[in-house]
Amino acid sequence: WGQPETTEEMIKTIADSGIKTIRIPTSWSAHIIDDKYTIDPQWMDRVKTIVDWAIKYNMYVILNVHHDNVGAGTLTYGKGYCPNEADMDESQRFLYNVWSQIAATFNNSYDEHLIFETINEPRLPGDQHEWGWNANCETCKNSMYIINKYNQLCLDAIRETGGNNTKRIVMVPSYVASPNAAWDAYSTGIFKFPTDPSGTGKIALSVHMYSPYNFAMESPGSTIFTEAHKNDLAGMFSRLKNDFISKGYPVVVGEMGATNKNNLSERESWFQFFAEKAKEYNCSIVLWDNGNYEVSGSDYSEHFGYFNRNNYTWYFPSLITTMVNAIGESSDPTSKTIWTGTKDLKHWNGEDGITLDSSNFSTATDSTKIRFTISIGAECTAIDNGSPCTNNYSTIHPITAWPDENNDGNITFLEANTNHQLSVSPSASASTVTISPDSTSWTTIKSKGLIIYGHKVVITKIELL
């Protein structure tokens, strides 16, 4: 898309804006280096670097096969895939080998913060129905059947690598990732979700929603976000719930946005309504940003630029604030989630603890509280010297450094019940516990950060209140 090279500061700025998820559209076909579908190690390292930056700033990451869909009759070795019969064998070899390597690279070192998406907008480039599913089109139907096979193949390649990849969330699209195609073809049995060989059932539907098209994407279309548009959008979310979410398939809107038509206030209304509906139906949404934000005349095509990658600012800050606030996450660091994941604290020496650097607490005040979302963890295990673990209770121990003989790493908080620890009673599902560090402790935390360890408790979220 002709944008500057991604930097860590870009990722940090986006995360600091309150955005929790980033989708990394990745090309692979240009980086096959031999006759065994081997991905260039330098390219894989570069992708890994960007994923790691996003994880560092507590974001969820969607990694996919994005730009590798080619037109029928043009496919050659290692250059991607096409959902048609003539190119199916080469397409399957490409997808299986690429996903096997991606999955092997991003396995046990990555928890549920990393999500895989099999393919992006699978379609028939150049076909009359390339961008629009038609239920009466036999070519479209055949392509959907093949997309089913590709989704299954990619999932199998991921799950075969074992480890965390057996339980990782995998997103799958229907034809061109269209919600209309998904529910129409699903209702007639043409589109099917892959069978999960791991039995975890962590399969999500990927859809793209520049909707309603007349307002959000068409040029010139409408510049006003009308009540009819709202009703149309509300109906789409309702159907996604009825057809998929209610049946156990979560929906991720992997691309959304409203093209710039010099109509900022109307776009603000669209962002507000879209985000509210996504929250109502528990859908994650991802803003598509191609960097193109300036409008010339009345050509409004593909003006989906939001983030200025040259100076790390937003072209339309109000759109980002509107969306983030509507979802319910404030960009204020004193009232937001600072860590999510799954940490089973069971080693008393802290080897499975959580380390949070001081930047997470930069704007905390003496009245700020820390809330943990917890559940029951595994039994405490023996420590490194072989001594048995005799602790049969659940506890959380926040410190700023491993204590020396003066216990200078301990902090004081009102809820402490024994030796700066917090004995807790987590539920089998989830419960919360809150601590209130005193002013002296906050000064140290803001300087040194915080280490969380303990035993017999799983922590899944840490928030500042």
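Just the heavy atoms: all of them, side chains too, but no hydrogens, waters or symmetry mates, feed the values below.
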* Derivation and outcome, side chain to side chain donor-acceptor pair (under 3.5 Å), residues Q421 and Y453 -> CA-CA 10 Å; Q421 303 169 23; Y453 72 108; over 6 Å; no
* Check the pair I370, T434 against side chain to side chain contact (heavy atoms under 4.5 Å, CB included), reporting the backbone distance first and the verdict last. => CA-CA 6 Å; I370 305 173; T434 303; over 6 Å; no
* **Test ring pair (Phe, Tyr, Trp, His ring centres under 6.0 Å) applied to F191 and F193, step by step** => CA-CA 7 Å; F191 170 61; F193 287 93; 5.3 Å; yes
* Should F304 and Y293 be marked as a ring pair (Phe, Tyr, Trp, His ring centres under 6.0 Å) after you check the CA-CA gap, both sets of side-chain angles, and the distance that decides it? -> CA-CA 6 Å; F304 294 108; Y293 74 100; over 10 Å; no
* Go through D344 and D352 one step at a time and tell me if the side chain to side chain contact (heavy atoms under 4.5 Å, CB included) criterion holds. => CA-CA 7 Å; D344 192 346; D352 47 16; 5.8 Å; no
* Worked verdict on E227 versus K230 for salt bridge (charged side-chain N to carboxylate O under 4.0 Å, His left out) -> CA-CA 5 Å; E227 287 300 314; K230 291 181 181 180; 3.4 Å; yes
* Show the numbers, then the answer: is there a side chain to side chain contact (heavy atoms under 4.5 Å, CB included) between K369 and S436? => CA-CA 5 Å; K369 298 181 179 182; S436 307; 3.6 Å; yes
* Derivation of the side chain to side chain contact (heavy atoms under 4.5 Å, CB included) call for I451 and T400 -> CA-CA 6 Å; I451 301 169; T400 57; over 6 Å; no
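The shortest side-chain heavy-atom distance between T355 and I452 does not fall under the 4.5 Å cut-off. At a threshold of 4.5 Å between non-hydrogen side-chain atoms, the residues K461 and R371 do not count as touching. Residues I354 and I459 are in side-chain contact: their nearest non-hydrogen atoms beyond the backbone lie under 4.5 Å apart. Under the 4.5 Å side-chain criterion, counting only non-hydrogen atoms from C-beta, C283 is not in contact with V252. Residues I102 and F116 form a side-chain contact, since some pair of their non-hydrogen atoms from C-beta on lies under 4.5 Å apart. Counting only heavy atoms from C-beta outward, the side chains of I399 and I411 never approach each other to under 4.5 Å. Considering only heavy atoms from C-beta on, T395 stays 4.5 Å or farther from V457 through its side chain. Using a 4.5 Å heavy-atom cutoff, the side chains of P173 and I119 are in contact.
Here the straight-line distance linking atom CD1 of I24 with atom CE of M59 works out to 9.0 Å at 0.5 Å rounding. The line from OH of Y57 to CD1 of I11 is 9.5 Å long, rounded to the nearest 0.5 Å. From M10, atom CE reaches atom OG1 of T13 across 9.0 Å, with rounding to the nearest 0.5 Å. Separation of atoms OG (S29) and CG (N69) is listed at 10.5 Å; rounding is to 0.5 Å. For the atom pair CG of N360 and OG1 of T337, the computed distance is 11.0 Å after rounding to the nearest 0.5 Å. For the atom pair R267 CZ and Y306 OH, the distance stands at 5.0 Å (nearest 0.5 Å).
Closest of all the heavy-atom pairs between F215 and A258 is CE2-CB, 4.0 Å. Here the closest heavy-atom approach between residue A104 and residue N165 is recorded as N-ND2, 4.5 Å. Heavy atoms only, all atoms of each residue included: Q3 and N290 are closest at NE2-O, 3.4 Å. Pairing each heavy atom of W183 with each of M236, the nearest pair is CZ3-O, 3.7 Å. Considering every non-hydrogen atom in both W99 and C154, the closest pair reads CD1-SG, 3.4 Å. Between I169 and I115, the shortest heavy-atom contact is O-CG2, 3.4 Å.
Under a 4.0 Å N-O distance rule, the pair K202/D196 does not qualify as a salt bridge. Ion pairing between E5 and R309 fails under the 4.0 Å rule for side-chain N and carboxylate O. A salt bridge between K12 and E9 is absent, with no side-chain N of the basic residue lying under 4.0 Å from a carboxylate O of the acidic one. The existence of a salt bridge linking K277 and E280 is confirmed by a sub-4.0 Å separation between a basic side-chain nitrogen and an acidic carboxylate oxygen. With salt bridges taken as basic N to acidic carboxylate O contacts below 4.0 Å, one links R23 and E117.
Side chain of N120 to backbone of V65: no donor-acceptor contact under 3.5 angstrom is found. D438 places no side-chain N or O within donor-acceptor distance of the main-chain N or O of F413, the cut-off being under 3.5 Å. Under a 3.5 Å cut-off, the side chain of H113 and the backbone N or O of T340 do form a donor-acceptor pair. With Q101 contributing its side chain and I39 its backbone, the two residues share a donor-acceptor pair below 3.5 Å. Using modelled atom types, one side-chain atom of T259 and one backbone atom of H303 make a donor-acceptor pair closer than 3.5 Å. For the pair S269 (side chain) and S265 (backbone), a donor-acceptor distance under 3.5 Å is present. Panel note: side chain T322, backbone S318; a donor-acceptor pair is recorded below 3.5 Å. Remark: side-chain polar atoms of K261 are paired, donor with acceptor, to backbone N or O of E218 under 3.5 angstrom. With hydrogens and angles ignored, the 3.5 Å screen pairs no side-chain donor or acceptor of K343 with any backbone N or O of V458. Proximity of a side-chain donor or acceptor of N164 to a complementary backbone N or O of S109 within less than 3.5 Å is not detected.
Around atom CG of D45, more than 12 heavy atoms belonging to other residues, nucleotides or ligands sit under 6.0 Å away.
Using a 30° and 60° split on the angle between ring planes, Y249 and Y186 fall in the perpendicular class, above 60°. Note on ring orientation: taking the six-membered ring where Trp is involved, the planes of W28 and W43 are perpendicular (angle over 60°, cut-offs 30° and 60°).
If you check the side chains of T118 and N151, you find a donor sitting under 3.5 Å from an acceptor. A donor and an acceptor atom, one from each side chain of Q272 and E268, are nowhere located under 3.5 Å apart. W314 and S17 are linked by a side-chain donor-acceptor pair at a separation below 3.5 angstrom, with hydrogens and angles left out of the test. A donor atom on one side chain and an acceptor atom on the other are not found under 3.5 Å apart for Y210 and E302.
When each of V61, V286, L63, V51 is checked for a side chain to side chain contact (heavy atoms under 4.5 Å, CB included) with I22, only V61 meets the rule.
Both tests do not hold together for R168 against Y110: distance to the six-membered ring centre under 6.0 Å, angle to the ring axis within 45°.
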